[in-house]
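The model shown is predicted, which means the values in this text are computed figures rather than measured ones. Residue numbers start from 1 in every chain, and the chains themselves are labelled A, B, ... in the order their sequence lines are given, proteins ahead of strands.
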Number of protein chains: 2
Amino acid sequence: MMGDVSIRDAHVEGPDLAALAGLLADGTRAGFCLALLDGRAWTAIELARHVGVAASTTTEHLNLLVAGGLLAQERQGRHRYVRLADPATAELIEKLASVAPRRSSPPHSLPAVNRARALARARTCYDHLAGALGVAVTTAMTDRGLLDWEQGLTLTGKGTAWLEELGITHPSDTRRPPVRSCLDWTERRPHLAGAVGAAVCRHAFDSRWITRIGTSRAVALTDTGRHALREHLGLSDDWSRADPSS
Amino acid sequence: MMGDVSIRDAHVEGPDLAALAGLLADGTRAGFCLALLDGRAWTAIELARHVGVAASTTTEHLNLLVAGGLLAQERQGRHRYVRLADPATAELIEKLASVAPRRSSPPHSLPAVNRARALARARTCYDHLAGALGVAVTTAMTDRGLLDWEQGLTLTGKGTAWLEELGITHPSDTRRPPVRSCLDWTERRPHLAGAVGAAVCRHAFDSRWITRIGTSRAVALTDTGRHALREHLGLSDDWSRADPSS
DNA sequence: GGGATCCTTCGGCGCGCGCCGAAGCGTCCC
DNA sequence: GGGACGCTTCGGCGCGCGCCGAAGGATCCC
């Protein structure tokens with residue numbers, strides 16, 4: 001059995017890879033996956049409106065994505081909820097998004113620029129913090145000796161103690177790395193992902209340090225959160241970058 | 001400038017991601033990229049023969065892949081050499097290949113099974129060792145305290161000393177992690193990638209510990225290599241898995 | 001009970017893409 | 001110098017895919 005599995009698994013061919021890539025080689029399906037990168041479940045009609053296609057188009061595309069294993073779904077009454085299948089799928093979408101060339105022009109309208117700014121400032125990247133806030137938290141953890149990047153990324157003993165002090169636990173899932181670097185493409189610097197990154201983000205939501213901005217991926221730091229980050233990480237109020245217009 | 005860049009970069013849309021994925025959403029182009037995952041440069045006619053398409057088809061597909069930034073090329077006389085553009089592209093292809101469902105049936109013919117076995121035993125995964133040998137080397141390095149996976153993957157002080165002892169250097173490229181875990185999909189366990197993984201692999205070739213098997217991705221451990229790995233890592237001769245038929 | 005909403009199925013339409021062979025250019029070797 | 005080889009361009013062909021509206025079923029709320 002093991003021998004058979006190994007030999008089969010070594011034999012990935014062009015059409016296999018093409019089938020997976022093909023799932024994302026469509027603007028509509030890719031748009032769905034990017035929207036779902038916020039870590040939440042969306043209904044079919046929400047996704048349809050988000051990318052601007054008909055409900056029938058949405059059903060057909062979601063069927064492909066579910067059959068292909070990228071999305072998981074559940075029904076609730078007349079609603080069909082879908083989400084990214086697992087963290088590995090989210091990582092894949094993230095990675096593709098981080099290297100994809102930008103074909104569209106930057107946003108020009110005031111609402112679009114403000115939305116982009118909000119995303120750059122603070123957002124969720126599937127299950128962890130991203131944007132200027134995500135990078136600032138990661139930098140502060142590093143400065144405080146909680147993370148060590150010298151010879152690979154490690155949670156230090158101080159880091160483990162810090163998490164315990166705050167009551168932040170994370171599953172010791174051996175398949176998922178406790179800490180992982182995720183390239184933040186708005187800041188062009190890494191932020192913390194992995195099981196610890198996800199746990200910190202969940203704690204931030206549960207403790208009302210951050211809150212969602214509408215249905216967007218963007219999050220806002222609350223007063224409670226500002227105080228907590230100052231107390232626990234020494235984060236000052238100027239973590240957000242200088243306004244680009246100044 | 002920074003503000004402009006950040007706002008633009010935050011705005012990745014469905015069509016952007018679809019354009020990148022579209023490059024790989026074709027069996028022929030995907031087959032080229034998988035072949036190039038061996039880390040070498042191939043000529044256009046070699047790739048054409050490898051996947052079984054006409055030269056004109058090959059030219060058209062390579063043009064797309066180069067224009068899309070996945071491949072880099074150079075001309076030498078009448079030959080057009082192409083290779084994967086950079087390590088980040090290789091990581092992307094690796095990741096896609098590791099999660100792609102296998103649609104094709106496992107190899108049945110004796111030559112195909114032997115080729116698959118050779119790949120499972122030892123191969124290059126772009127620029128680092130993979131297969132049973134890659135996993136065995138990684139496990140031995142861990143057992144000897146050269147690598148630490150407890151709270152993220154780190155090269156330990158002993159590991160740094162071990163590399164110096166062997167004369168293995170690696171560029172301290174801050175953009176590339178020194179150590180990175182790469183899921184070996186034949187062994188279903190991780191092997192060492194990153195700058196250190198690449199340096200160890202290069203040293204193994206330079207020191208004739210391993211040698212290529214034909215034009216394949218597979219590599220063979222030489223007698224020199226067997227002795228060296230026993231001496232420097234305590235690797236016994238049974239790193240290759242038990243024969244599946246026994 | 002009935003209207004609104006969400007979602008699905010399916011036929012139709014139009015477009016894009018991958019394949020190839022033929023012709024031709026440049027390189028290389030005998 | 002000429003034949004072989006590698007590669008490119010381009011027109012033609014066939015196929016697959018994404019879009020939609022219409023019709024209908026299930027859910028939900030007034």
Side-chain angles (χ1 to χ4, degrees), chain A residues 13-36 40-68 70-83 103-104 215, chain B residues 13-36 40-68 70-83 103-104 215:
Chain A
E13 295 182 320
D16 302 320
L17 181 58
L20 174 64
L23 286 174
L24 297 166
D26 173 72
T28 299
R29 292 196 296 277
F32 289 171
C33 292
L34 287 170
L36 292 166
R40 292 181 292 176
W42 290 50
T43 63
I45 198 66
E46 284 171 338
L47 288 171
R49 290 177 178 139
H50 180 75
V51 303
V53 294
S56 49
T57 304
T58 300
T59 291
E60 286 153 352
H61 284 306
L62 289 181
N63 287 344
L64 289 173
L65 290 169
V66 170
L70 292 185
L71 301 189
Q73 67 181 346
E74 70 180 287
R75 302 270 178 173
Q76 276 189 10
R78 62 189 173 188
H79 292 291
R80 176 185 192 183
Y81 283 92
V82 292
R83 66 177 69 241
R103 289 152 50 110
S104 48
T215 59
Chain B
E13 294 182 322
D16 303 320
L17 181 57
L20 175 63
L23 286 175
L24 297 166
D26 173 73
T28 299
R29 290 196 296 278
F32 289 172
C33 292
L34 287 170
L36 291 166
R40 292 180 293 175
W42 291 49
T43 64
I45 198 65
E46 284 171 339
L47 288 170
R49 290 179 178 138
H50 181 75
V51 304
V53 295
S56 50
T57 303
T58 300
T59 291
E60 287 153 351
H61 284 306
L62 289 182
N63 287 345
L64 289 173
L65 291 168
V66 170
L70 292 185
L71 301 190
Q73 67 181 346
E74 71 180 286
R75 303 267 178 177
Q76 277 189 11
R78 61 187 174 189
H79 293 292
R80 176 185 193 184
Y81 283 92
V82 292
R83 65 177 71 239
R103 290 150 52 106
S104 48
T215 59

>> I want to check one thing: is the phosphate of D:dT9, taken as OP1 and OP2, less than 4.0 Å away from some side-chain N or O of B:T59?
In response: no
> Where do A:H50 and A:G31 come nearest, in terms of heavy atoms and distance?
Replying inline: CD2-O, 4.5 Å
>> Restricting to non-hydrogen atoms, name the atom on B:A48 and the atom on B:A54 that form the minimum distance, rounded to 0.1 Å.
In response: CB-O, 4.4 Å
> Pick the nucleotide of DNA chain D nearest each of A:Q76 and A:A54; which residue has the one closer to the 5' end?
Replying inline: A:A54
> B:R49 side chain N/O closer than 4.0 Å to the phosphate oxygens (OP1, OP2) of D:dG6?
Replying inline: yes
> Just how far, in rounded Å, is P of C:dC17 from CG of A:D26?
Replying inline: 12 Å
>> Please report the distance, rounded to the nearest Å, between CG in A:N63 and P in D:dC17.
In response: 15 Å
> Which part of the nucleic acid, if any, lies within contact of B:A55, taking any heavy atom under 4.0 Å across all strands shown: a base, the sugar-phosphate backbone alone, or nothing?
Replying inline: base
> Out of A:T28, A:L47, A:L23, A:V66, which one pairs with A:H61 under the side-chain contact (heavy atoms from CB on, under 4.5 Å) rule?
Replying inline: A:T28
> Tell me: CZ of B:R29 to C1' of C:dC19, nearest whole Å?
Replying inline: 12 Å
> Which listed nucleotide (D:dG18, C:dC20, C:dG18) is nearest to the side chain of A:L64?
Replying inline: D:dG18
>> If I take atom NE2 in residue B:H79 and atom C1' in nucleotide D:dT8, what distance separates them, rounded to the nearest angstrom?
In response: 16 Å
>> Between the base of D:dC10 and the side chain of B:E60, is one N or O donor paired with an acceptor at under 3.5 angstrom?
In response: yes
>> Rounding to an integer number of Å, can you tell me how far B:Q73 CD sits from D:dG6 P?
In response: 18 Å
> What about B:S56: does its side chain form a donor-acceptor pair under 3.5 Å with the base of C:dG21?
Replying inline: yes
>> Can you measure A:Y81 atom OH to D:dT27 atom C1' for me and round it to whole angstrom units?
In response: 13 Å
>> If you only use heavy atoms from C-beta on, which nucleotide in C:dT9, C:dG18, C:dG26 is closest to the side chain of B:R78?
In response: C:dG26
>> Nearest whole Å is fine: how far is C:dT9 P from A:L62 CG?
In response: 12 Å
> Shortest non-hydrogen contact from B:G14 to A:L34?
Replying inline: N-CD1, 3.6 Å
>> With a cut-off of less than 4.0 Å, is there a side-chain N or O of B:R75 near OP1 or OP2 of C:dG26?
In response: no
>> Need one value for A:T28: base, sugar-phosphate or nothing, where a base atom within 4.0 Å counts as base even if backbone is also close, heavy atoms only.
In response: sugar-phosphate
> CZ of B:F32 versus C1' of D:dC7: gap in Å, rounded?
Replying inline: 13 Å
> Does one side chain, of A:E46 or A:T43, offer a donor that lies under 3.5 Å from an acceptor on the other?
Replying inline: yes
